[in-house]
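To start, the structure under review is shown below, and the notes come after it.
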Amino acid sequence: MSFPLLTATAALPAIGAIATAAVPAARRTTAKWLALLFSLATLVLAGVALARFEPGGARYQLTESHAWIKDFGVRYELGVDGIGMALMALTALLIPFVILAGWHDADPLETKSSRWRPTQGFFALILMVEAMVILSFEATDVFLFYLLFEAMLIPMYFLIGGFGDRAHTGSDENAAAQRSYAAVKFLLYNLAGGLIMLAAVIGLYVVAGTFSLSEIAEARANGSLSMATSTERWLFLGFFFAFAVKAPLWPLHTWLPNAMGEATSPVAVLITAVVDKVGTFAMLRFCLQLFPEASKWATPVILVLALISIVYGALLAVGQRDIKRLIAYASISHFGFIILGIFAMTSQGQSGATLYMVNHGISTAALMLVAGFLITRRGSRLIADYGGVQKVAPVLAGTFLIGGLATLSLPGLAPFVSEFLVLVGTFSAYPAAGIVATTGIVLAALYVLVLYQRTMTGPVKAGVQGMADLKARELVVVLPLIALLIFLGVYPKPLTEIVNPAVQHTMSDVQKKDPQPEVEAAK
């Protein structure tokens with residue numbers, strides 16, 4: 001039997017979580033280094049999987065299949081296509097930076113009124129989230145995916161509610177109440193989506209007799225699986241609702257600003273750059289592949305919701321006074337672009353959406369982590385408390401600017417390629433939707449540049465004087481992310497070569513072809 005590479009890639013951070021949690025309470029530094037070591041080892045395994053992946057090969061590669069719950073037809077089936085491979089690599093890449101950025105976020109506080117903050121638990125929970133997210137990108141059994149989809153909520157709940165942002169303007173009691181509210185709201189929204197999805201998963205098994213994606217695809221191909229139109233549409237809605245909550249898509253988005261605002265900055269990155277990608281990824285893997293007719297039927301409504309997310313999220317970002325909530329609303333706008341590209345049903349749109357998932361993860365991580373370093377120094381998330389930072393901490397201000405420019409998709413940085421492809425793909429199929437979506441670009445420039453102007457330029461405010469610039473550990477976190485943003489902005493080919501074949505398979509699933517440009521005959 002060949003080495004189970006996909007299982008090992010997911011199992012390693014899970015083992016690391018157990019090992020980190022078992023470190024004695026007094027040895028916090030040991031727990032941190034152990035967590036970092038396991039995350040780096042996971043990154044190495046993900047790199048091996050990426051090297052073994054053949055873009056022009058079979059749709060699902062590095063596959064594993066074992067009987068699990070035979071009486072219910074549940075199998076332990078894994079496999080990655082180009083989309084899953086790219087997102088698995090993104091997750092493995094970001095977690096070491098998340099751990100380094102949060103190096104001191106769970107250290108005990110000195111004040112007696114503060115709650116005990118178990119360092120080991122903080123890093124163990126991060127590794128457990130990594131394990132579940134990676135395995136969800138690999139799962140090709142619908143029931144296995146559902147279990148992971150729901151299980152990852154548990155460690156995220158404790159990361160949000162138990163390890164909140166220390167830069168809170170109110171009392172410790174008020175801060176704890178806000179954290180609890182954000183964590184419970186996150187859990188309830190996602191549990192509601194998951195329960196509806198569970199009903200759809202059961203319905204799928206009743207209709208198909210299996211949870212295996214490969215078996216369902218084979219049954220469709222040979223004509224042995226026929227699904228009534230109404231049944232397919234109801235099942236699609238059950239899956240899509242859960243994924244739209246996770247994504248998040250308007251109007252199911254309201255948990256995200258609370259969760260990102262109250263969580264530590266590294267955990268906020270974990271939410272929007274890692275966990276939320278499971279929702280958009282699942283739209284491609286499950287909604288379009290399992291329910292092609294229903295996906296096309298629902299496209300007009302989903303496109304409208306995506307456009308609302310783009311414009312609404314950007315408008316609210318413009319009006320924010322809290323740095324982290326501004327980034328949260330910007331992410332809602334960006335997820336609107338991703339969903340727009342998916343349901344434009346063009347190869348450019350879906351390639352752009354997949355690239356957007358990866359590039360948004362990198363750019364948001366860069367911007368949010370630098371914002372976290374800034375907030376830690378000043379002790380405030382309010383934009384009004386800053387001014388003139390570039391005069392006292394020029395490296396911090398410069399990296400913040402690059403992260404912001406990537407967020408607004410400046411040409412030459414990675415998100416530009418993604419956004420351009422999404423808009424090209426949307427324009428070719430739905431010109432009106434493409435025109436509306438471009439307003440998100442203008443608004444993004446507004447909220448990013450205004451944020452930079454208010455925090456980094458102008459006279460140095462009293463609370464900013466003496467602010468330290470980025471330290472060595474912080475530079476190790478930020479500089480590789482910025483280098484990736486520049487590299488993928490100038491040379492996206494390595495990523496597109498992995499993604500494009502998987503997109504063609506998805507286009508084949510929904511039986512869609514790219515619209516041909518209309519050329520008038522020469523007179």
Side-chain angles (χ1 to χ4, degrees), residues 101 165-170 175 257 260-266 268-269 272 313-334 362-413 415-416 439-475 477-479 481-482 485-486 489:
D165 192 352
R166 293 175 176 178
H168 202 283
T169 55
M260 289 183 64
E262 297 305 323
T264 65
S265 293
V269 170
T272 190
L315 283 173
L316 288 187
V318 171
Q320 289 304 305
R321 297 180 296 172
D322 183 308
I323 296 174
K324 291 171 69 177
R325 289 179 69 91
L326 185 152
I327 299 173
Y329 279 110
S331 290
I332 291 170
S333 181
H334 295 149
I362 300 171
S363 63
T364 299
L367 181 61
M368 179 61 84
L369 293 179
V370 176
F373 298 148
L374 177 69
I375 291 167
T376 299
R377 284 161 167 74
R378 178 66 176 83
S380 173
R381 307 196 312 246
L382 298 179
I383 297 172
D385 289 339
Y386 294 88
V389 174
Q390 66 181 13
K391 297 178 181 177
V392 295
V395 177
L396 189 156
T399 53
F400 188 83
L401 177 61
I402 296 174
L405 293 176
T407 298
L408 64 82
S409 300
L410 183 77
L413 297 175
F416 169 76
T439 61
I441 301 174
V442 178
L443 293 172
L446 180 61
Y447 61 70
V448 167
L449 295 178
V450 168
L451 171 65
Y452 183 84
Q453 182 264 329
R454 291 179 178 175
T455 56
M456 302 296 162
T457 65
V460 180
K461 290 201 172 181
V464 175
Q465 293 175 353
M467 180 179 288
D469 214 335
L470 293 182
K471 301 176 182 178
R473 172 180 61 86
E474 296 165 334
L475 288 171
V477 171
V478 176
L479 293 183
L481 296 175
I482 291 176
L485 288 172
I486 296 171

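- How far CD1 of Ile323 is from OG of Ser380: 7.5 Å, rounded to the nearest 0.5 Å.
- The two atoms that bring Ala330 and Ala317 nearest to each other are N-CB, 4.1 Å, heavy atoms only.
- Between Leu446 and Val442, the closest side-chain pair of non-hydrogen atoms is not below 4.5 Å.
- Partners of Gln390 by side chain to side chain donor-acceptor pair (under 3.5 Å), not counting sequence neighbours, listed by chain and number: Tyr452.
- Nearest approach of Met467 to Ala393, heavy atoms of both residues: O-CB, 4.4 Å.
- Within the 3.5 Å criterion, the main-chain N or O of Gly458 finds a donor-acceptor partner in the side chain of Lys391.
- In this view, Leu475 and Val395, Leu470, Leu479 satisfy the side chain to side chain contact (heavy atoms under 4.5 Å, CB included) rule, not counting sequence neighbours.
- Every residue two or more places apart in sequence or in another chain that forms a side chain to side chain donor-acceptor pair (under 3.5 Å) with Thr272 is listed here: Ser331.
- Across every non-hydrogen atom of Ala101 and Leu369, the tightest pair is CB-CD2, 3.6 Å.
- What you find for Ala365 and Val269 is that their closest heavy atoms are CB-CG1, 3.7 Å.
- Counting only residues at least two apart or on different chains, the side chain to side chain donor-acceptor pair (under 3.5 Å) pairs with a member in residues 404-413 are Ser409-Glu419.
- Taking CD of Gln320 as the reference point, atom CG of Leu451 lies at 11.0 Å (rounded to 0.5 Å).
- Here the straight-line distance linking atom CG of Leu481 with atom CD1 of Ile402 works out to 11.5 Å at 0.5 Å rounding.
- For Ala406, the side chain to side chain contact (heavy atoms under 4.5 Å, CB included) partners at least two apart in sequence or on another chain are Ser363, Leu413, Pro415, Leu485.
- With values rounded to the nearest 0.5 angstrom, Lys324 atom NZ is found 12.0 Å from Leu382 atom CG.
- Between Pro257 and Asp322, the closest side-chain pair of non-hydrogen atoms is not below 4.5 Å.
- Remark: Ala444 pairs with Leu408, Tyr447 by the side chain to side chain contact (heavy atoms under 4.5 Å, CB included) rule, at least two apart or across chains.
- In this structure, the separation between CZ on Arg454 and CD1 on Ile383 is 6.5 Å, given to the nearest 0.5 Å.
- Contacts classified as side chain to side chain donor-acceptor pair (under 3.5 Å) and involving residues 460-473 (residues at least two apart or in different chains) are not found.
- You'll find the side chain of Leu374 reaches within 4.5 Å of the side chain of Leu396, heavy atoms only.
- Contact between Gly313 and Ser333 at its shortest, heavy atoms only, is C-CB, 4.1 Å.
- When all heavy atoms are compared, the tightest approach of Gly372 to Ser265 is CA-OG, 3.1 Å.
- By the side chain to side chain contact (heavy atoms under 4.5 Å, CB included) test, Arg321 is found to be paired with no residue, residues two or more places apart in sequence or in another chain being considered.
- Here the CE-CG distance, from Met260 to Leu326, works out to 10.0 Å after rounding to the nearest 0.5 Å.
- Inter-residue side-chain proximity for Thr455 and Phe400 is flagged as met; some heavy-atom pair is nearer than 4.5 Å.
- With sequence neighbours left out, Arg378 forms a salt bridge (Lys or Arg N to Asp or Glu O under 4.0 Å) with no residue at all.
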* So Leu367 and Val448, side-chain contact (heavy atoms from CB on, under 4.5 Å) or not? Walk me through it. -> CA-CA 10 Å; Leu367 181 61; Val448 167; 5.7 Å; no
